[in-house]
Each structure stands twice: as structure tokens, then as C-alpha cells.
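Reviewing the structure listed below.
Only heavy atoms go into these numbers, but all of them, side chains included; no hydrogens, no water, no symmetry mates. Just so it is clear, the model here is predicted, and its values are computed rather than measured. Convention: sequence-line order gives letters A, B, ...; per-chain numbering from 1.
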Protein chains: 2
Amino acid sequence: MGAHVESLQDRGEATRQRLIDAALAVFGEFGFDGASTRMLADQAGANLAAIPYHFGSKEGLYRAAAQYIVERITDQTNAMLEEIEHALLNALPRAKALGFLHKYTDTMVAIMLGSKEADSWAAFIMKEQLQPGAAFEILYNGMMRRIHEAGAGLVAVLLKQPQIDNRIRLRAIAIFGQILIFRTSRHSVLRQLGWKEFSRDRLELIQSIIRENVDLVATGSA
Amino acid sequence: MGAHVESLQDRGEATRQRLIDAALAVFGEFGFDGASTRMLADQAGANLAAIPYHFGSKEGLYRAAAQYIVERITDQTNAMLEEIEHALLNALPRAKALGFLHKYTDTMVAIMLGSKEADSWAAFIMKEQLQPGAAFEILYNGMMRRIHEAGAGLVAVLLKQPQIDNRIRLRAIAIFGQILIFRTSRHSVLRQLGWKEFSRDRLELIQSIIRENVDLVATGSA
DNA sequence: GTCTATAGTCGGATAGAC
DNA sequence: GTCTATCCGACTATAGAC
């Protein structure tokens with residue numbers, strides 16, 4: 001491969017990545033139907049025809065954006081999840097499970113509310129949940145299932161249950177719900193609290209409330 | 001007014017109502033942008049031009065649907081909310097507040113997951129939360145604020161706080177999140193649980209889990 | 001790989017007959 | 001109040017020049 005061919009490939013790869021970045025922002029804000037290929041191309045500084053060229057279709061770009069989200073969230077959670085998954089294989093003291101669960105909820109709050117770029121990801125995921133489409137399987141199999149199973153495993157230890165059953169799963173889901181509402185009902189929640197945004201200290205306040213509620217689940221079964 | 005004129009008015013009123021029913025179903029499923037006026041008119045068995053005639057525009061119909069949701073949910077919650085609001089004006093024993101909160105969470109679960117028609121309402125509301133538009137103010141001022149304040153008032157009593165502050169609000173929001181996740185993440189949750197739907201007994205199981213978590217908040221501050 | 005130009009479809013709103 | 005017919009704008013995808 002000569003330098004000329006390589007530079008063409010690089011250009012293509014750069015356009016591809018700009019389109020994915022644009023897809024996260026635009027699909028996140030307007031949803032699949034609400035986003036137009038013109039918006040996507042403009043935001044990426046690319047040509048309209050670059051979308052079908054690189055991704056086959058608008059839907060192909062949508063799927064690629066979902067895959068990108070899975071990869072980035074895996075980057076941010078993989079170390080913690082591996083630690084939890086490994087710990088769950090052996091007899092795990094309840095105190096340690098509680099510590100893991102605190103770390104788990106703190107991380108989820110931080111990912112979902114902490115960064116500006118998370119706004120796009122979160123909106124993308126939530127819209128896909130509400131109206132499951134081409135990307136749901138990518139998101140669910142790529143990260144949601146694993147994140148849920150790790151949480152449920154920790155809850156099982158806290159409740160002294162040897163196996164994860166649906167009662168355990170429901171408790172894990174309830175814990176997750178306490179975090180998720182700050183995303184799904186962001187506008188209502190901010191208004192109720194008289195806040196304009198989730199600043200860093202407010203985020204820590206939310207994390208501490210969730211941790212306290214996790215503690216209650218633990219003490220409730222002590 | 002003669003009989004002839006009245007029958008014309010009735011016909012118009014019936015078309016109007018059919019359009020609102022269709023709007024709940026179609027906007028709920030596809031969102032504002034995803035729904036076309038042709039879908040709406042077909043579903044209602046009405047003519048395309050009936051939408052601008054009766055509601056001024058597609059957006060007018062959207063707002064009317066939001067107002068209709070507020071009215072129907074108020075029908076289902078007003079008695080309970082008035083009872084709670086009245087009780088909160090006087091010194092309320094914690095045991096009684098706990099009972100009210102159980103009734104409150106049970107009612108919310110039932111409204112959000114219990115009826116087939118709630119599927120449309122819930123989807124409509126969730127989509128509006130994600131991308132606040134013309135109907136957000138109608139929904140928030142018409143019912144959300146009041147529902148939240150009632151919950152927060154009860155939590156304040158449970159935590160022996162004389163005033164509702166943001167720490168109290170956050171706890172009330174967390175409780176609500178435990179319910180809401182079964183809506184916002186319906187597909188993921190069902191899949192995690194290996195369920196196809198929220199049947200009546202599963203709904204009662206969810207209600208019992210939420211009640212237990214509410215109890216923990218109460219005992220945690222005992 | 002990227003561009004312009006365009007084909008083909010579907011969107012919401014309106015005019016005017018009934 | 002309801003209907004048909006139609007306008008005009010916006011959409012996605014493609015063809016073909018560079």
C-alpha cells in the first residue's frame with residue numbers, strides 16, 4: 001500500500017468517525033425518525049452521500065452509533081464489572097458486596113449524569129428503549145444484560161440468597177430505577193428540585209442518597 | 001337551536017373525540033414527528049382535513065391529547081391525592097403516612113402498568129419527557145407537580161422532617177424511579193425477568209417489592 | 001472518497017364543492 | 001362538518017462527474 005492509498009483510507013476513516021459522532025448527537029436529540037440525513041451530514045461536515053456510502057443507509061449509521069455507545073460504556077465499566085463478576089464466583093462477604101454495589105451505583109450515576117457527552121448517549125439509549133428498533137439488540141446484548149446481571153448478583157449476596165431469582169432481579173431493577181429516573185425524567189426532576197443542571201456537588205448528593213438506599217436493602221435483610 | 005344544528009354539533013364532537021383517542025394511540029407509539037396526519041385520520045376514521053379544522057394543526061391535536069391524559073389521570077388519582085393533601089395539613093402520624101405511601105405507590109404502579117390503554121398514555125408522556133415539546137407544560141403543571149409534591153410530603157413525615165427540602169424530594173424521586181423504570185425500560189426489564197408481559201400477579205409482586213422498599217425508608221429513620 | 005443534481009416518495013395544510 | 005384534490009416543502013437514496 002502506497003502513501004496515496006493510505007491517505008485516502010485515512011480520510012474515509014475520519015469521515016466515518018465524524019459521522020458517528022454526529023449520529024450520537026443528532027439521533028440522541030431527535031431520534032431516528034426526527035433526524036434527517038442532512039442534519040447528520042451537516043453536523044459531521046460531510047456530504048449527504050457519505051452516509052449510504054460508509055454505512056449502507058441511515059439505519060446502518062444508526063446501528064454503528066449504537067455499537068459505538070456499547071464500546072465506550074464498556075470502556076468505562078469493564079474493569080469494575082470484571083472485578084464484580086470475578087468476586088461473585090467465590091464466596092463473597094456481604095460487606096464486600098455492599099462496597100461493590102456502592103461503587104456500582106456511583107459509577108452508573110456518574111456515567112449517566114456526569115459528562116456532557118453522556119447526554120447524547122443517554123438520550124439515544126432511552127429513545128431506543130421506548131421504541132425498540134434496529135439498535136435495541138446491540139445495546140441490550142452488548143451491555144445492558146451484563147450490567148443487570150452484575151447488579152443482581154450483588155443484591156443476591158446482600159439478601160443471602162444463593163441464586164439469582166426474579167425476586168432478586170426485581171430488587172436490582174428497583175435500585176437501577178432510582179438512578180435512571182434522573183435521566184428519563186430529567187426535566188421534571190430538575191424543575192421539582194429548582195435546579196438548572198446536575199452540577200458536580202449535586203451529583204454527589206444523588207450518589208449519597210442512592211448509597212443510603214442500597215444500605216437499607218442490606219440492613220433490611222440483616 | 002334546532003335538532004338539525006345539534007346533530008351537526010354532535011357529529012363534530014364525536015369526530016373530535018375519535019381524533020383524540022387516535023392521537024393517544026398513534027402519538028404514543030410513534031411520537032410527534034413519527035406520527036403522520038394520515039395515520040391519525042385513518043385511525044380515527046376521520047378525514048385528513050378534520051385535524052386542522054378541529055384542532056388548528058397537528059400540534060393542536062397533540063396538545064389536546066396531553067390535556068386529555070391529564071384529565072383521565074386526575075380522575076384516577078384525585079380522590080387519593082386530596083386525601084393525602086388534606087392529611088398533610090395536620091399533624092400526621094408516621095404509621096398513617098406509611099399507609100398513604102403504600103396506597104400511593106400501589107396506585108402509581110397500577111396506573112402505569114395496569115391497563116392496556118395506559119400503554120399509550122405512558123408512551124406519550126415518556127416521549128414528551130425525553131424531548132420536551134408543546135405538551136410538557138400541560139403534563140407537568142397539570143399533574144406531575146402535584147403527584148410529586150404529595151409523595152414528597154409523605155416522605156417528609158416518614159423522615160420526621162417538618163419541611164419538604166431537596167433531600168426529601170430526592171428520596172421521593174428515588175421511590176418514584178423504582179416504579180417508573182418498569183415503564184421506561186419495559187422491554188429490557190421484561191427480558192431480564194424472562195417475562196412476556198406484566199400480568200396481574202406479577203404486577204402485585206412489583207407492588208409488594210416497592211412497598212417493602214418504602215418500609216425500609218421508614219425503618220431506616222426510625 | 002467526495003461531490004452535485006435529481007429521482008421518487010411522503011409530509012402538513014388548504015381551497016372549495018357538498 | 002366533512003370531503004376530494006392539490007400545493008409546496010422536505011425527505012432518503014442514487015447516478016454520475018471529478
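- Candidate nucleotides dT2(C), dA13(D), dG12(C) were compared by shortest atom distance to the side chain of K58(A), and dA13(D) ranks first.
- The existence of a salt bridge linking D75(A) and R72(A) is confirmed by a sub-4.0 Å separation between a basic side-chain nitrogen and an acidic carboxylate oxygen.
- Straight-line distance from the CG atom of D42(B) to the P atom of dG12(C): 12 Å, rounded to whole Å.
- Atoms CD1 (I51(A)) and P (dT2(C)) sit 12 Å apart, rounded to a whole Å.
- Here the C1' atom of nucleotide dT2(C) and the CG atom of L19(A) are 12 Å apart, to the nearest Å.
- The nearest whole Å value for the distance from the CZ atom in R18(A) to the C1' atom in dT2(C) is 11 Å.
- Distance E59(A) CD to dC11(D) P: 19 Å, rounded to the nearest Å.
- In this entry the distance linking CG of L40(B) with C1' of dT2(D) reads 17 Å, nearest Å.
- Between R38(B) and L48(A), the residue whose closest nucleotide on DNA chain D is further toward the 5' end is R38(B).
- Using a 30° and 60° split on the angle between ring planes, F136(B) and Y140(B) fall in the parallel class, below 30°.
- Shown here for L40(A) and A23(A), the closest heavy-atom pair between the two residues is CD2-CA, 3.7 Å.
- Note: CZ (F30(B)) to C1' (dG12(C)) measures 18 Å, nearest angstrom.
- Residue N47(B) places at least one side-chain N or O closer than 4.0 Å to OP1 or OP2 of dT4(D).
- Contact annotation: T15(A) side-chain N/O to dT2(C) OP1/OP2 distance is under 4.0 Å.
- Counting non-hydrogen atoms under 4.0 angstrom, A49(A) reaches a base of the nucleic acid.
- Distances were taken from every side-chain heavy atom of P52(B) (C-beta onward) to each of dA13(D), dT4(C), dT14(C); the shortest belongs to dT14(C).
- Residue contacts shown for A41(B) are absent, as no nucleic acid heavy atom lies under 4.0 Å away.
- Taking the charged nitrogens against the carboxylate oxygens, K103(B) and E83(B) do have a contact shorter than 4.0 Å, which makes a salt bridge.
- In plain terms, the two heavy atoms of L193(B) and N166(A) that are nearest each other are O-ND2, 2.9 Å.
- Comparing dT2(C), dG11(C), dT2(D) by their closest approach to the side chain of H54(B) singles out dT2(D).
- Between the C1' atom of dT2(C) and the CD atom of E13(A) lies a distance of 16 Å, rounded to the nearest Å.
- Which of dG1(D), dA13(D), dT4(C) sits closest to the side chain of Y53(B) comes down to dG1(D).
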